[in-house]
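FYI, the numbering just counts along the sequence from 1.
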Amino acid sequence: MLKMAIHPTQPTLWTRKYQYFFSIIFMTVGIISNSLAIAILLKAYQRFRKKSKASFLLFASGLVITDLFGHLINGTIAVFVYASKRDWLQFDQSNIVCSVFGMCMVFFGLCPLLLGSVMAVERCIGVTQPIFHSTKMTSKHVKIILSLVWLFAILVALMPILTARGYHIQASRTWCFIKTEHIEEWRDQFNLLLFSFLGILSLAISFLCNAITGITLLRSKIRNHQYRQGRSHHIEMIIQLLAIMCVSCICWTPFLVTMANIVFKGDDPLQTRETILFSLRMATWNQILDPWVYILLRKTVLKKLFRIARRCCGIEVISLHTWEFSSIKNSLKGATLSDSPSCTRANTLKSSHKTGTERKCELSETK
């Protein structure tokens with residue numbers, strides 16, 4: 001993931017120490033958050049292994065694991081750069097560290113966007129085509145799709161190397177990325193535009209699929225074509241997807257748009273540096289906020305928050321959902337018992353013990 005960049009001016013000793021410790025704290029918080037989210041998702045996957053939610057949980061686990069390694073790898077390199085006082089000529093004369101850092105920035109930056117769009121497509125298929133989803137979207141297929149997404153992101157990260165353009169140290173000298181200043185070669189423009197285009201396309205696909213899924217669920221709720229339990233099952237995942245999409249849009253749109261503007265407009269370098277640094281700071285929060293979506297926006301947590309809010313407001317609400325579901329359940333249970341052979345034999349014995357007067361009364365009533 002993209003780490004926090006700083007102003008390109010020469011920092012003081014206190015500023016360097018602040019940036020150094022801030023990078024460590026930022027990396028630690030990200031690792032802890034993602035580790036907690038992984039534990040929650042794996043526990044949920046054990047419960048829903050054979051249900052339709054299992055595929056969503058596998059994708060979500062892949063996303064959070066990617067974020068975890070992004071914090072671990074990129075954070076370690078960023079801390080090393082700060083500890084070396086950003087003297088790239090001293091510790092990276094062969095440009096190997098910068099190339100690895102740049103590839104990790106592209107890979108761990110693009111993967112969450114791609115996985116978010118894949119998850120939105122998967123949920124859209126699960127809601128609109130449930131039979132196809134239950135038969136085709138198995139755990140094996142989900143793992144294949146995850147592997148393909150990771151391989152595709154690796155290929156995009158290797159494009160600057162394959163096109164013989166490489167990665168470049170940015171103006172703040174704290175991170176490496178595709179060349180963003182004095183772009184003259186079409187290959188530099190292609191690599192920068194490819195990253196920006198794929199990111200914006202992923203966000204657009206997520207928005208479209210989530211909109212279709214939400215409309216479908218709303219229609220099914222109005223027409224009452226699905227069971228309540230199934231709707232709540234889907235709604236929980238849709239809330240999480242919408243939260244991920246909002247976080248990704250807020251965090252990544254400024255950076256992606258800035259990269260596209262560099263290609264098409266070629267703004268002033270000084271103004272572009274300020275814009276890149278601002279958008280980079282926003283993008284750094286994506287992998288911090290992603291795991292908290294799965295930590296906070298769970299059904300149990302939402303129910304507790306709703307109860308707390310209801311108590312604070314002093315509003316007593318009758319849970320029609322629970323009453324209706326229990327009533328249906330009791331009705332079905334009663335119908336099953338009444339249709340059972342034992343119940344039928346009991347009714348037969350009861351009718352056989354009736355007196356002649358009672359039978360005459362029943363015949364007169366039927367007439």
Side-chain angles (χ1 to χ4, degrees), residues 37 41 48 51-64 66-67 109-137 141-142 145-146 148-149 152-153 195-257 260 282-283 285-287 289-299 301-302 305-306:
L41 288 170
F48 299 97
K51 296 184 180 181
S52 61
K53 193 177 180 180
S55 57
F56 176 83
L57 293 173
L58 273 179
F59 280 124
S61 301
L63 172 62
V64 177
T66 304
D67 288 342
L110 194 59
C111 263
L113 299 175
L114 295 175
L115 289 174
S117 63
V118 170
M119 291 167 64
V121 172
E122 183 271 338
R123 224 21 22 225
C124 184
I125 297 174
V127 172
T128 58
Q129 303 292 332
I131 298 176
F132 175 81
H133 181 274
S134 61
T135 55
K136 300 297 181 182
M137 193 61 67
H141 293 151
V142 172
I145 294 172
L146 278 173
L148 291 176
V149 171
F152 179 73
F195 176 84
S196 178
F197 172 75
L198 290 175
I200 295 174
L201 180 63
S202 300
L203 293 177
I205 292 174
S206 299
F207 178 81
L208 179 62
C209 292
N210 287 331
I212 295 174
T213 305
I215 294 172
T216 305
L217 286 175
L218 184 61
R219 287 180 177 176
S220 66
K221 184 176 182 180
I222 295 173
R223 298 176 182 177
N224 201 21
H225 281 177
Q226 293 183 355
Y227 297 103
R228 288 184 176 272
Q229 188 178 3
R231 284 205 302 269
S232 63
H233 167 75
H234 288 300
I235 288 173
E236 179 186 4
M237 292 183 284
I238 293 303
I239 291 174
Q240 293 176 346
L241 274 178
L242 289 174
I244 292 173
M245 184 186 68
C246 291
V247 169
S248 299
C249 287
I250 294 172
C251 294
W252 275 103
T253 299
F255 188 83
L256 296 173
V257 172
M282 293 187 64
W285 287 99
N286 182 68
Q287 291 178 332
L289 297 177
D290 271 351
W292 287 101
V293 171
Y294 304 105
I295 295 172
L296 296 179
L297 297 183
R298 291 179 293 147
K299 194 174 181 179
V301 177
L302 291 175
L305 292 176
F306 175 73

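Here the straight-line distance linking atom NZ of Lys136 with atom CD of Gln129 works out to 13.0 Å at 0.5 Å rounding. With values rounded to the nearest 0.5 angstrom, Leu146 atom CG is found 10.5 Å from Ser55 atom OG. Note that OG of Ser206 is 10.0 Å distant from CG of Leu115, once rounded to the nearest 0.5 Å. Between Leu58 atom CG and His141 atom NE2 the span is 13.0 Å, to the nearest 0.5 Å. One distance of note links CZ of Phe207 with CG of Leu241; it measures 14.0 Å at 0.5 Å rounding. Here the CG-CZ distance, from Leu41 to Phe56, works out to 8.5 Å after rounding to the nearest 0.5 Å.
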- Stepwise side chain to side chain contact (heavy atoms under 4.5 Å, CB included) check, Asp290 with Ile244: CA-CA 6 Å; Asp290 271 351; Ile244 292 173; 4.2 Å; yes
- Message: With side chain to side chain contact (heavy atoms under 4.5 Å, CB included) as the criterion, how do Leu256 and Leu113 come out once you've worked through the C-alpha distance, each side chain's angles and the decisive distance to 0.1 Å?
- Response: CA-CA 11 Å; Leu256 296 173; Leu113 299 175; 4.2 Å; yes
- Query: Is there a side chain to side chain contact (heavy atoms under 4.5 Å, CB included) between Ile145 and Met137 once you walk through the steps?
  - Reply: CA-CA 10 Å; Ile145 294 172; Met137 193 61 67; 4.3 Å; yes
- Carefully, step by step, assess Ile205 and Val118 under the rule side chain to side chain contact (heavy atoms under 4.5 Å, CB included). CA-CA 9 Å; Ile205 292 174; Val118 170; over 6 Å; no
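For the pair Ser117 (side chain) and Leu114 (backbone), a donor-acceptor distance under 3.5 Å is present.
Contact of the Thr213 side chain with the Thr128 side chain is not registered, since no non-hydrogen atoms from C-beta on lie closer than 4.5 Å. At a threshold of 4.5 Å between non-hydrogen side-chain atoms, the residues Trp292 and Val247 do not count as touching.
In terms of heavy-atom proximity, Pro254 sits nearest to Cys251 at CD-O, 4.0 Å. For the pair Ala120 and Cys209, the tightest heavy-atom approach, listed with the atom from each and the gap, is O-CB, 3.6 Å.
Put simply, the residue from Asn210, Ile250, Val293 that forms a side chain to side chain contact (heavy atoms under 4.5 Å, CB included) with Met245 is Asn210.
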